[in-house]
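To keep things clear, I will list the structure first and then write my remarks on it.
Per chain, numbering begins at 1; letters A, B, ... match sequence-line order.
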Protein chains: 2
Amino acid sequence: MTIDTACQPPASNARRTGAPTVASDLRVALTRIARRLRAQRGEVDLAEGQFGVLTTLHKHGAMSPGALADHENVRPPSMTRTVNTLAEHGLVTKLEHPTDKRQVVVELSEAGHAEVRETRRRRDQWLTKRLQELTPEERDTLAAATKLLTRIANA
Amino acid sequence: MTIDTACQPPASNARRTGAPTVASDLRVALTRIARRLRAQRGEVDLAEGQFGVLTTLHKHGAMSPGALADHENVRPPSMTRTVNTLAEHGLVTKLEHPTDKRQVVVELSEAGHAEVRETRRRRDQWLTKRLQELTPEERDTLAAATKLLTRIANA
DNA sequence: TATTGTTATACTCTATAACTATA
DNA sequence: TATAGTTATAGAGTATAACAATA
């Protein structure tokens, strides 16, 4: 596939200068594991953005489409479409707001909750298998690192 | 935004059962950091799939559109479009294959190489800043964890 | 008059099917 | 006849602008 005349050495700047590569190596590993985790899906084949709405509702409870759009960083018309798609799949329910008739309340259905749980279960299962291939000492290292990574993730 | 009647407790299965949550916590942290890394872009505003083609060419050298499609898990017509877009931006060059006139050779231009380098530089910079906020001991822990995560990523 | 959500329309990315050129 | 790539066309997902209903 690759033609022999055009192969250049994959020289990263960090390695060329001899500078520390922990950040770079960590970035590559993190990115690759995240991609493999994303590939583990639940029952329903959802786009990542649609699944994101489910997790947000799972975490924060029912929200208006506008609030969801803010939270997911999309525009309101896009969220209208996303919510309608999820409603057609029976994963969310659109309800009237109790006092403000302009608003719509988007609520996760039981199927929606189940989809979030199942997807997380499969992703955790994949990662758990990988952890089981490590020694107890290595798992301790990763447990300690998890605390640090969590701090970084929320920084 | 959230209406008070519909908030349910965010009870994950792992926590409810008291089972170990390292895998789950690690997954959450990994996913979140990866998302924040992806948000660090280079000069040109490229979709993640388009940038993926640049990194593949950066790593493996010039390839045919078909080989790129295989590598990136998209269909050939999609890769044709992607490559044409990248070529219009001056990030890749389409060349004739030396012996097989059916084939096209897609080569990363100097601007393409620079885009890959710059994007990686910004992502490494973001992560380096986060690492600098840790103690030396914590950095040692993450350095050790990086080796393990790299192994997992490639498993 | 401001806010919430939707409809109308368009652009991007992806796909399948059909076509062209070459091996 | 098989292979590499493209063109034609369609389906998601997202965007901006314009509109409807309600506060």
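- N154(B) pairs by the side-chain hydrogen bond (donor to acceptor under 3.5 Å, both in side chains) definition with R32(A), not counting sequence neighbours.
- Judged by distance alone, the side chains of T128(B) and D124(B) never bring a donor and an acceptor atom under 3.5 Å apart.
- Atoms CG and CG, on L91(B) and L86(B) in that order, are 6.0 Å from each other to the nearest 0.5 Å.
- For K101(A) and N84(B), each mapped to the nucleotide of DNA chain D holding its nearest heavy atom, the one lying further toward the 5' end belongs to N84(B).
- For the pair R151(A) and R130(B), the minimum side-chain heavy-atom distance is 4.5 Å or more.
- The span of DNA chain C lying next to chain A, judged by atoms under 4.0 Å from heavy atoms, is bounded 5' to 3' by dT3(C) to dT7(C).
- In this structure, NZ on K147(B) lies 11.5 Å from CG on L149(B), to the nearest 0.5 angstrom.
- Rounding to the nearest 0.5 angstrom, the gap separating the OG1 atom in T55(B) from the CD atom in E48(B) is 8.5 Å.
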Going by atom type alone, with no hydrogens or angles, which donor-acceptor pairs under 3.5 Å involve a side-chain atom of residues 33-40 of chain A and a protein atom two or more places apart or on another chain?
residue, atom, partner, partner atom, Å
R36(A), NH1, A153(B), O, 3.1
R36(A), NH1, A155(B), O, 2.4
R36(A), NH2, A155(B), O, 3.0

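- Here S64(B) does not reach the OP1 or OP2 of dA4(D): none of its side-chain N or O atoms lies under 4.0 Å away.
- Taken to the nearest 0.5 Å, the CG atom of L46(B) stands 7.5 Å off from the OG1 atom of T119(B).
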Taking only nitrogen or oxygen atoms into account, show me every contact under 3.5 Å that the protein makes with nucleotides 10-17 of chain D, one pair per line with its distance.
residue, atom, partner, partner atom, Å
dG13(D), OP1, Q50(A), NE2, 3.0
dG13(D), OP2, Q50(A), NE2, 3.1
dT14(D), OP2, T82(A), OG1, 3.3
dA15(D), OP2, R75(A), N, 2.8
dA15(D), OP2, S78(A), OG, 2.8

(message) Taking Watson-Crick (N1-N3 plus N6-O4 or O6-N4) and G-U wobble (N1-O2, O6-N3), each under 3.5 Å, can you produce the dot-bracket string of DNA chain D? Use [ ] for crossing pairs and | for inter-strand ones.
(response) |||||||||||||||||||||||

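- If you take CD of Q103(A) and P of dA23(D), they are 10 Å apart, rounded to a whole angstrom.
- Taking CZ of R139(A) as the start and CG of L148(B) as the end, the distance is 11.0 Å to the nearest 0.5 Å.
- Screening residues 72-84 of chain A for side chain to side chain donor-acceptor pair (under 3.5 Å), with sequence neighbours left out, gives T56(A)-E72(A), N84(A)-K94(A).
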